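The structure displayed is predicted, hence computed values, not measured ones. Counting starts at 1 for both ligands and their atoms, in listed order.
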Amino acid sequence: MIVGNGMAGHRLLAALLKHEHRPRRISVIGDECAPAYNRILLSPWLAGETEREALTLRDANWYAEQGVELMLGERAHDIDRERRRVTTGSGREIGYDRLVLATGSRPAMPDVAGIGLAGVQGFRDLDDAAALTRASRTGRRAVVIGGGLLGLEAAEGLRKRSQGKRGMRVCVLQRGERLMNRQLDATAAGLLRQELERRGLTIMTGARLAGCEDDGRGRVCAVRLEDGRRLPADCVVVAAGIVPNAELGRRAGLETARGIVVDAWLTTSDPMSHALGECCEFEGRTYGLVEPIWRQVEVLAARLCGASGDGYRERPNATKLKVSGISLYAFGPIEPDAGHEVLTYHDPQHGDYRRLLLRDNRIIGAILYGDTAFGPWYFEQSLAGRDLGACRQALLFGAGDAKPLLEEAA
Ligand SMILES: Cc1cc2nc3c(=O)[nH]c(=O)nc-3n(C[C@H](O)[C@H](O)[C@H](O)COP(=O)(O)OP(=O)(O)OC[C@H]3O[C@@H](n4cnc5c(N)ncnc54)[C@H](O)[C@@H]3O)c2cc1C
C-alpha cells in the first residue's frame with residue numbers, strides 16, 4: 001500500500017508496475033481528489049503558460065487498467081502496525097503487507113498573528129494554484145513571503161496571470177539580503193533582482209513579516225513588517241520553506257525527527273514500513289527537489305520487488321528557476337572558502353554571469369545566470385571529479401572550447 005499519490009508515490013507505482021516481479025496487489029490512498037499530477041508544472045500553469053491537462057500524469061482509468069486499487073480524496077488517518085491495517089478519515093480499514101509513506105510536505109507557516117486569515121495561503125497543490133489564479137483576476141495587491149525558488153515562481157506567476165487585466169501589484173518579501181540566498185551569490189542575485197524589478201515586481205530584502213491584518217471580516221487586508229512598515233495586500237502567499245508530513249508515521253510510533261527517519265533502503269524503524277520523498281529524512285537530511293526523490297524511487301522499487309541493488313546515497317543537486325525568460329543554474333557552495341579558486345565571466349550589458357569554484361582543478365560549484373547552456377556539463381564534470389587543469393582557460397566557455405584541450409592533454 002502506498003499512502004500519498006503525489007510525485008514520489010506515483011513514480012514508485014509506475015516503477016513497481018514495470019518490474020518483472022511486481023507486487024501482486026497494489027493499493028494507493030491519496031487525499032487530493034485529482035489523480036497524480038506534475039506538481040512542478042503548477043508554476044507554469046499559474047503563469048498561464050501551460051494548460052491544466054498538461055499536468056496530469058495518469059487519469060483514473062489507467063489505475064484501473066493496471067489493476068491498482070486507487071482511493072482518491074481519502075486521507076490515511078491511522079496505522080495499526082501490529083494488524084497491518086490503515087484506517088482512513090472516512091473510517092475505511094485496509095490491510096497491507098508492506099506500507100510506503102509518500103505523504104510529501106506542506107508549506108511552513110510562520111507563527112505570526114493573522115496567518116490563518118482568508119487570503120493567506122501556501123503554493124503547494126492544485127487548489128492553491130486555482131485560488132491564486134482567482135486572486136489574480138480580482139485582487140489588486142499580492143505579497144509573497146519568501147524570495148526563494150517557489151516564492152519567485154509564485155510572484156512571477158501572479159504578475160503574468162494578471163497582466164493585461166487589472167495588473168496585480170506583486171511584492172516579494174525576503175528575510176535575507178538577497179534573493180535565492182541558498183543558491184546565488186550577490187552578483188547573480190543582483191542580476192535576478194534587476195530583471196524581476198524591470199518586469200514590475202517589487203522586491204524587498206531584509207524584510208521580516210510581523211503579522212497579517214484582518215479587514216474586519218476575517219480576510220487579510222495588509223501585512224506588517226517587524227520594522228513597522230505596513231503593506232496593503234488582498235492576497236498573501238507564504239513560500240518560506242516546507243515541513244515534512246511526518247505526523248502519520250509519528251502517530252504510528254515510527255522513528256521520526258523532522259521527517260520519517262529511513263535508512264539507505266528507505267526502510268523506517270519498522271521493517272515492514274517505508275517512506276520516501278519529502279516526508280522522509282535520511283542521515284539528517286530532508287528533501288525539496290525531485291532529483292534525489294527519483295533515485296529513492298529506484299532503490300525502493302527494487303527493494304519491494306525483491307531485487308538486489310545499491311542503497312540510496314546523497315549526491316549534490318543542481319537548481320534551476322522556472323521563470324520564463326530567466327535562465328539560472330547553480331550547484332555547490334555559494335561563497336568560496338580559502339581552498340577554492342574562483343573563475344568568473346561577467347557581461348553586465350547582456351546580463352550574462354558565470355562563476356565557477358575550483359579546488360585542485362576540479363569543479364566544486366557553479367553559478368550561471370543568463371546563458372546556462374553549459375550548466376549540465378559543469379555538473380557532470382563536478383560529479384565525476386574530473387581534473388580540468390588542461391582546459392582551465394577555456395572552462396568558462398563550456399564543453400565546446402574545453403573538450404578539445406582535454407582530449408589533447410589526454
Ligand atoms: C509549485 C511547485 C513547484 C516546484 N518546482 C520544482 C522544480 O522545478 N524542480 C524540483 O525538483 N522540484 C520542484 N518542486 C518540488 C516537488 O514538487 C516536490 O519535491 C515533489 O512533489 C515531492 O514529492 P512527494 O511525493 O514527496 O510529495 P507530494 O508531491 O507533495 O505528494 C504527497 C501527496 O501525499 C498526499 N498526502 C499527504 N498526507 C496524506 C495522507 N495522510 N493520506 C493520503 N494522502 C496524503 C498529499 O496530498 C500529496 O498529494 C516544486 C513544488 C511546488 C509546490
How far apart are the closest heavy atoms of W265 and G309, and which atoms are they? CH2-O, 2.9 Å

Heavy atoms of C171 and L231 approach each other most closely as SG-CD1, 4.2 Å

Do D234 and V220 have side chains that approach each other closer than 4.5 Å (heavy atoms only, starting at C-beta)? no

Could you tell me whether the side chain of C235 reaches within less than 4.5 Å of the side chain of R141, counting heavy atoms only? no

Begin with the C-alpha distance, continue with both residues' side-chain angles, and end with the deciding distance and a verdict on salt bridge (Lys or Arg N to Asp or Glu O under 4.0 Å) for E281 and R258. CA-CA 7 Å; E281 176 166 337; R258 284 192 65 224; 5.9 Å; no

Protein heavy-atom partner closest to [atom] - residue, atom, separation in Å:
atom                    : value
atom 25 (O) of ligand 1 : A8 N, 2.7 Å
atom 21 (O) of ligand 1 : M7 CG, 2.9 Å
atom 27 (O) of ligand 1 : G104 CA, 3.2 Å
atom 5 (N) of ligand 1  : K322 NZ, 2.8 Å
atom 44 (N) of ligand 1 : D31 N, 3.1 Å
atom 49 (O) of ligand 1 : E32 OE2, 2.5 Å
atom 11 (O) of ligand 1 : V290 N, 2.8 Å
atom 1 (C) of ligand 1  : L150 CD1, 3.3 Å

List every atom of ligand 1 that sits less than 4.0 Å from any heavy atom of [X], numbering the atoms from 1 in the order shown and giving each element.
X    : value
I29  : 43 (C), 44 (N)
I293 : 19 (O), 22 (C)
G4   : 34 (O), 35 (C), 44 (N)
G6   : 25 (O), 29 (O), 31 (O), 33 (C)

Say whether [X] and [Y], considering side chains only, have a donor N or O and an acceptor N or O under 3.5 Å apart.
X    : Y    : result
S324 : E49  : yes
R58  : H10  : no
R193 : T205 : yes
E255 : S269 : no

Return a yes/no value for [X]: is any of its N or O atoms, backbone included, closer than 3.5 angstrom to an N or O of ligand 1?
X    : result
G277 : no
E153 : no
S105 : no
S43  : no
R124 : yes

With backbone taken as N, CA, C and O and side chain as the heavy atoms from C-beta onward, which portion of A102 lies under 4.0 Å from ligand 1: side chain, backbone, both, or neither? backbone

Under 4.0 Å between heavy atoms, the region of F123 that gets near ligand 1 turns out to be both

In a check of salt bridge (charged side-chain N to carboxylate O under 4.0 Å, His left out) between D227 and each of R229, R230, R224, which one passes? R229

Taking the minimum heavy-atom distance to atom 22 (C) of ligand 1, which of E291, M71, E278 ranks first? E278

Given L149, I40, D125, L126, which one has a non-hydrogen atom that is nearest to atom 13 (C) of ligand 1? I40

Does E74 have a non-hydrogen atom less than 4.0 Å from ligand 1? yes

Please state whether the rings of F374 and Y378 are parallel, tilted or perpendicular, taking 30° and 60° as the class boundaries. perpendicular

Measuring centre to centre across the rings, with the benzene-like ring taken for any Trp, is Y353 within less than 6.0 Å of Y345? no

For E74, which of N5, D31, T88, I94 qualifies under side chain to side chain contact (heavy atoms under 4.5 Å, CB included)? T88

